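The structure appears below as structure tokens.
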Amino acid sequence: MSDAVDPHLEAPAGPQTRSCATELVCHDCGYRTPLLDSTFKCPACGEGLDIDYDYDRAKATIAEQPLAERPLNVWRFEELLPITSRRAQARVGQVSGHTPLIHAERLGAELGLNRLYIKDDSTNRPTLSYKDRVVGMAIARLLELGKDEVGCVSTGNVGTAVSALAAAAGATAYVFYPGNMEKGKAKACRALGAQVCQLDGNYDQANRACRELSLASGIEFANITLRPFYAEGAKTMAFEVVEQLDWQAPDHFVIPAAGGTLSSRVHKGLNELEIVGLAETSGTKINIAQASGCDPIATAILEGGEIEPQTPDTAAHSLAIGAPGDGPLVVDAVRSRGGSAATPTDPEIWEAIDLLGATEGILTEPAGGTTIAAVAQLAAQGKIGPDETVVAIISGNGLKTIQDHPDKAWPEMVACNLEAMGAQLDDFRRTATTVA
């Protein structure tokens, strides 16, 4: 047997972060392996691996540095994140996170909710979606491993995030989209220097093929081989929201679900805040928003069963994952917290996009429209009370998908004079829909 040490099992050289991550762990069978191992699936049972932490050390370390001295980005609570190399951390994520939490009073009035908040990741940086959080962790992990090529399989926003963050880190990006890709996002990837390939298949077929390609080529994939680290970035959503609410956890999160990473890791992040003594979070419910044309997680929650794969058929392309990898984790999280789910139709999603825009001036893509439509359904069903604190996650920016929105006509070539323009203004006033 060789005495050589696998470099993936050694700590990365150079200055270290305050990360209290300890191991990769399988919560299904208990398998554990060192943090710098390159394994991403449990070799014993085949389930996905998670990151474990020394929470006693994290609690003590967090107390040593005042909040005022911490960065306003995804690395604010680095003790609870898995990147140990300070050099890798410094290359990505410095402008990601710390997005606004907006008290949506006008939208809340429309839905009968007095304490509705929008966590607006449509302003996240650098690519205007929540995916900047998770991809930042994956790219930092890539740098820890000393690699400079990264791939991803994407329904939309992962691709742009990988393209931008890889470019900033000096890595080459390869983005694989399914057959129903949103072309605006693919064009953005190309503008950011990434190579883009559209595959003849849906997301689940593309994901399986990309896994085979990654293992055959040796190229790390942000949301496949780097997934244990990628997923941890989603916890920063929970950390930020609770801090923005003055360390009072909300009564409800309403979260759009595709593969399930965000909702399952918000659950983990809430648990960790309580473990390290920053907030009491056990009373927070997690509710899932999925389009009716692709709702395997929501169906399992509402019907009390297990997840059954589906063939996606929805305009909410970024949520169109019929076999969600983290789906069982989401179902467990929602059930353990007493939450629920809602499955609006595509027309309801488009209406919700318009309602959010007309009340709060926020333009979201269909995933965000799914969230708002789900909030409306849950409120109408009495699953969310009028005086409960509700945080709805807007995960992406509508400017990316504006070409997919249903057309709304406007007057064209109106004569450029007072008489014609005045008549048109009168017509606008007669037909305008007023939101209270």
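What you see below is based on every heavy atom in this structure, not just the backbone, and it leaves out hydrogens, waters and symmetry mates. Start at 1 with the first residue, then count along the sequence. Keep in mind that what you see is a predicted model, and the values were worked out from it rather than measured.
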Please name all residues satisfying salt bridge (Lys or Arg N to Asp or Glu O under 4.0 Å) with Lys400, sequence neighbours left out, ordered by chain then number. none
Return the orientation label for the Phe77 and Trp247 ring planes: parallel under 30°, perpendicular over 60°, tilted otherwise. perpendicular
Between Ser154 (side chain) and Gly156 (backbone), is there a donor-acceptor pair under 3.5 Å? yes
Could you pull out all residues at least two apart from Glu272 that satisfy salt bridge (Lys or Arg N to Asp or Glu O under 4.0 Å)? Lys235
Please examine the side chains of Asn124 and Ser96, heavy atoms only from C-beta on, and report whether any two atoms are closer than 4.5 Å. yes
Residues at least two apart in sequence or cross-chain that pass salt bridge (Lys or Arg N to Asp or Glu O under 4.0 Å) with Asp50, listed by chain then number, are Lys268
When every non-hydrogen atom of Thr261 is compared with those of Ala234, the smallest separation belongs to O-CB, 4.1 Å
When rounded to the nearest 0.5 Å, the distance separating CG of Leu116 from OG1 of Thr359 is 9.0 Å
Beyond-backbone contact of Pro82 with Met137, side-chain heavy atoms, under 4.5 angstrom: yes
Holding to side chain to side chain contact (heavy atoms under 4.5 Å, CB included), I want the full list of residues that pass it with Glu412, two or more places apart in sequence or in another chain. Trp410
Only one of Asn287, Thr389, Thr284 clears side-chain hydrogen bond (donor to acceptor under 3.5 Å, both in side chains) with His252; which? Asn287
Given Gln94, Glu144, Glu78, the one that forms side-chain hydrogen bond (donor to acceptor under 3.5 Å, both in side chains) with Gln89: Glu78
Test of understanding: with side chain to side chain contact (heavy atoms under 4.5 Å, CB included), list the residues that count as partners of Gln65, not counting sequence neighbours. Arg18, Glu69, Arg70
Shortest non-hydrogen separation from Asp204 to Ala323 and the atoms involved: OD1-N, 3.1 Å
Across all chains, not counting sequence neighbours, the salt bridge (Lys or Arg N to Asp or Glu O under 4.0 Å) partners of Glu360 are none
Exam field: side chain Thr160 to backbone Asn157, donor-acceptor pair closer than 3.5 Å: yes
Donor-acceptor pair, side chain of Tyr53 and main chain of Leu80, under 3.5 angstrom: yes
More than 12 heavy atoms from other groups under 6.0 Å of CG on Asp332: yes
So, applying side chain to side chain contact (heavy atoms under 4.5 Å, CB included) with Ile139, which one of Leu226, Val150, Ile83 is it? Val150
Partners meeting side chain to side chain contact (heavy atoms under 4.5 Å, CB included) with Ile275 (sequence neighbours left out): Tyr55
Can you name the nearest heavy-atom pair linking Asn397 to Ser122, along with the distance? ND2-O, 2.9 Å
With side chain to side chain donor-acceptor pair (under 3.5 Å) as the test, would you mind laying out the steps for Thr99 and Asp120 before giving the verdict? CA-CA 6 Å; Thr99 55; Asp120 187 12; over 6 Å; no
Is the shortest heavy-atom distance from the side chain of Val153 to the side chain of Asn223 under 4.5 Å? yes
Those residues that, when tested against Gln290, pass side chain to side chain donor-acceptor pair (under 3.5 Å) (two or more places apart): none
Please list, chain by chain and in numerical order, all residues satisfying ring pair (Phe, Tyr, Trp, His ring centres under 6.0 Å) with His103, sequence neighbours excluded. Tyr117
Scan for salt bridge (charged side-chain N to carboxylate O under 4.0 Å, His left out) pairs involving residues 130-140, sequence neighbours excluded, and state none if there are none. Asp121-Arg133, Arg133-Glu240
Ile321 side chain near Pro312 side chain, heavy-atom distance below 4.5 Å: no
Which heavy-atom pair separates Glu110 from Leu355 by the least distance, and what is that distance? CG-CD1, 4.1 Å
Should the pair Lys285-Glu388 be classified as a salt bridge under the 4.0 Å nitrogen-to-oxygen rule? no
If you take all heavy atoms of Ile118 and Ala104, which pair is closest and at what distance? CG1-CB, 3.8 Å
Heavy-atom side-chain contact between Arg115 and Val390 under 4.5 Å: no
Would you call Leu319 and Pro366 a side-chain contact if the rule is heavy atoms closer than 4.5 Å? no
From CD (Glu23) to CG (Asp52), nearest 0.5 Å: 6.5 Å
Pair Gln244, Lys119 - check side chain to side chain donor-acceptor pair (under 3.5 Å), show working. CA-CA 10 Å; Gln244 288 169 320; Lys119 180 59 171 170; 3.0 Å; yes
Please enumerate all residues that pass side chain to side chain contact (heavy atoms under 4.5 Å, CB included) together with Pro328, with sequence neighbours excluded. Ile307
Any heavy-atom pair between the side chains of Cys42 and Asp28 that's under 4.5 Å? no
Give me each pair satisfying salt bridge (charged side-chain N to carboxylate O under 4.0 Å, His left out) with a member in residues 315-329, each pair once, sequence neighbours excluded. Arg227-Asp326, Arg265-Asp326
